[in-house]
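A quick write-up on the structure given underneath.
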There are 2 protein chains.
Amino acid sequence: MEEIRKAQLIEATIAMIHEEGFTNASISKISKRAGLSSGIVAHYFSDKSGLLTATQQHLMRVLGEETKSQLLHARTPMERLLAIVNSNFSDDQFKPGVVNVWLAFWALVPTSPDLARLHRINERRMQSNLQHALKPLLPAEKVASTATGLAAMVEGLWIRCALTKGGVTPKQAISIMESYINSQILVNQD
Amino acid sequence: MEEIRKAQLIEATIAMIHEEGFTNASISKISKRAGLSSGIVAHYFSDKSGLLTATQQHLMRVLGEETKSQLLHARTPMERLLAIVNSNFSDDQFKPGVVNVWLAFWALVPTSPDLARLHRINERRMQSNLQHALKPLLPAEKVASTATGLAAMVEGLWIRCALTKGGVTPKQAISIMESYINSQILVNQD
DNA sequence: TTATTTTGATTGAACGTTCAATCAAAATAA
DNA sequence: TTATTTTGATTGAACGTTCAATCAAAATAA
């Protein structure tokens with residue numbers, strides 16, 4: 001029961017943030033949308049910020065599982081890199097509700113220790129995944145900085161895909177990142 | 001008088017968003033911080049969203065002037081590229097208030113047509129600046145995509161510098177972007 | 001004087017939180 | 001079995017607070 005309710009409320013939170021924006025997603029609207037009463041949020045998440053933290057945690061878990069599942073089928077280092085990149089640009093990651101929650105999340109990181117913690121976890125996981133995949137492809141001293149550059153590109157291109165309709169498509173974004181990876185490998189081999 | 005007051009209020013907005021976060025920056029706190037009364041905001045900006053739009057516009061103008069000024073001293077195409085990159089990573093761009101306003105700005109773009117407009121303007125200016133600088137360095141068909149990739153890296157690395165203390169430094173960020181530029185040039189020349 | 005700027009009290013809506021009350025289901029007792 | 005007790009999920013009204021917006025009045029400038 002508890003897990004069902006939590007899932008309902010998290011889903012309703014994403015939907016409301018999508019429909020009315022982060023600022024207008026109130027507890028009463030969210031709970032009504034979930035078909036539940038307003039008091040239930042306090043019962044399961046103690047307060048509003050608990051609900052928002054849980055919602056972001058949920059999105060990070062979804063992304064993490066998508067990455068893990070794509071990594072399963074990857075055989076070569078290059079396939080592993082593309083698996084990581086692709087999982088960040090899957091359709092799931094561009095559902096409008098998801099986009100708005102991630103953007104609100106970043107905006108709240110500077111003032112919420114809980115969210116700052118989540119942010120750090122997410123960044124480290126990405127960095128570690130990329131470094132592991134890059135290790136066989138680059139000289140040791142280039143691995144970390146290239147991983148950081150690629151992680152930044154993932155973030156920056158994702159934001160552009162998400163915010164600018166009529167701008168870069170996920171397909172173009174992936175090709176730009178492939179070009180970055182390939183040129184870094186090419187330049188560093190000899 | 002009007003310009004003085006507007007500047008005071010914008011500065012107070014940035015300060016309050018820094019000190020208490022975007023969510024808690026109310027009109028009364030902002031105006032008190034500026035040493036003025038609460039009604040004055042409506043007088044000069046018509047409403048709160050007008051004040052926020054003007055604040056973001058101000059930050060974009062500051063960044064634009066920083067870029068323009070750095071471009072003045074650039075002689076070669078490569079110097080022009082680095083001027084653009086450097087202006088995005090100057091100390092001014094990492095003042096905590098400035099960081100929080102930019103992050104809140106992105107979060108509000110999906111629900112505010114005014115801010116979406118500002119966002120598009122900013123993105124186009126960056127893209128155009130980068131393309132102009134890259135044109136002499138790359139084959140024509142590579143210019144646009146490399147500019148997009150570089151713009152994304154600027155954004156992504158800036159977020160990392162801003163949000164993750166103890167993470168990437170602006171200096172490292174710039175070196176990562178230089179490496180991207182150089183490898184793209186090298187790979188594409190023959 | 002007249003026009004402009006500024007104040008700050010006031011309004012009313014919206015919000016997050018709290019909590020006593022409800023109720024179906026499960027556990028226990030007879 | 002049937003009756004009673006207990007649990008825990010859930011409700012929804014009430015509370016105090018905060019907020020953006022309004023506006024008449026005061027202050028200031030021209």
Side-chain angles (χ1 to χ4, degrees), chain A residues 1-58 97 100-101 104-105 107-108 111-115, chain B residues 1-58 97 100-101 104-105 107-108 111-115:
Chain A
M1 184 73 355
E2 182 171 345
E3 292 314 311
I4 294 174
R5 291 288 174 264
K6 285 187 173 179
Q8 282 178 316
L9 287 167
I10 287 174
E11 188 175 9
T13 302
I14 297 173
M16 282 310 302
I17 289 183
H18 164 217
E19 285 166 24
E20 314 219 13
F22 175 75
T23 321
N24 302 318
S26 66
I27 284 190
S28 75
K29 284 183 193 165
I30 291 171
S31 49
K32 185 170 289 177
R33 163 101 199 192
L36 297 165
S37 85
S38 62
I40 205 69
V41 168
H43 183 254
Y44 282 119
F45 296 101
S46 79
D47 59 14
K48 192 184 184 184
S49 99
L51 172 59
L52 296 176
T53 304
T55 302
Q56 179 60 27
Q57 219 159 7
H58 169 74
N100 287 20
V101 173
F105 165 64
L108 294 178
T111 46
S112 157
D114 279 357
L115 295 182
Chain B
M1 184 70 359
E2 181 170 348
E3 292 313 312
I4 293 174
R5 291 286 175 264
K6 283 187 174 181
Q8 282 178 316
L9 287 168
I10 286 173
E11 188 174 10
T13 302
I14 297 173
M16 282 310 303
I17 289 183
H18 165 216
E19 285 166 23
E20 314 218 14
F22 176 75
T23 321
N24 302 318
S26 65
I27 285 189
S28 76
K29 284 184 193 166
I30 291 172
S31 49
K32 184 170 289 177
R33 164 100 198 193
L36 296 165
S37 84
S38 61
I40 205 69
V41 168
H43 183 254
Y44 283 119
F45 296 101
S46 77
D47 58 14
K48 192 184 184 184
S49 98
L51 171 59
L52 296 176
T53 304
T55 301
Q56 179 60 28
Q57 218 159 7
H58 169 74
N100 287 20
V101 173
F105 165 64
L108 295 178
T111 45
S112 158
D114 279 357
L115 296 181

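Naming: A, B, ... by sequence-line order, numbering from 1 per chain.
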Given [options], the nucleotide with the shortest approach to the side chain of [X]:
{"X": "H43(A)", "options": "dA21(D), dC19(D), dT10(D)", "value": "dT10(D)"}
{"X": "S26(B)", "options": "dA20(D), dT10(D), dT7(C)", "value": "dA20(D)"}
{"X": "S37(A)", "options": "dT11(D), dA21(D), dT17(C)", "value": "dT11(D)"}

Phosphate OP1/OP2 of dT10(D) contacted by R5(A) side-chain N/O (<4.0 Å): yes
Over how many whole Å does the gap from [X] atom [atom1] to [N] atom [atom2] extend?
{"X": "D47(B)", "N": "dT22(D)", "atom1": "CG", "atom2": "P", "answer": "8 Å"}
{"X": "K48(B)", "N": "dC19(D)", "atom1": "NZ", "atom2": "P", "answer": "8 Å"}
{"X": "F45(B)", "N": "dT5(C)", "atom1": "CZ", "atom2": "P", "answer": "14 Å"}
{"X": "N24(A)", "N": "dG16(C)", "atom1": "CG", "atom2": "P", "answer": "11 Å"}
{"X": "K6(B)", "N": "dT5(C)", "atom1": "NZ", "atom2": "C1'", "answer": "14 Å"}
{"X": "K29(B)", "N": "dG8(C)", "atom1": "NZ", "atom2": "P", "answer": "19 Å"}
{"X": "Y44(A)", "N": "dT11(D)", "atom1": "OH", "atom2": "P", "answer": "9 Å"}
{"X": "K32(B)", "N": "dT6(C)", "atom1": "NZ", "atom2": "C1'", "answer": "16 Å"}

According to the Watson-Crick and G-U wobble definitions, with both distances under 3.5 Å, which nucleotide is paired to [N]?
{"N": "dT17(C)", "answer": "dA14(D)"}
{"N": "dT6(D)", "answer": "dA25(C)"}
{"N": "dA30(C)", "answer": "dT1(D)"}

Sugar-phosphate, base or nothing in reach of I40(B), heavy atoms under 4.0 Å: base
A25(A) versus M16(A), closest heavy-atom pair with distance: CB-CB, 4.2 Å
Shortest non-hydrogen contact between S38(A) and S31(A), atoms and distance: CA-OG, 3.3 Å
Among I17(A), T13(A), L36(A), the one residue meeting side-chain contact (heavy atoms from CB on, under 4.5 Å) with I30(A): T13(A)
A42(A) or T23(A), whichever maps to the more 5' nucleotide of DNA chain C: T23(A)
Salt bridge (charged side-chain N to carboxylate O under 4.0 Å, His left out) partner of R33(A), chosen from E19(A), E20(A), E11(A): E19(A)
Nearest-0.5 Å distance, CZ of residue F105(A) to CG of residue N100(A): 15.0 Å
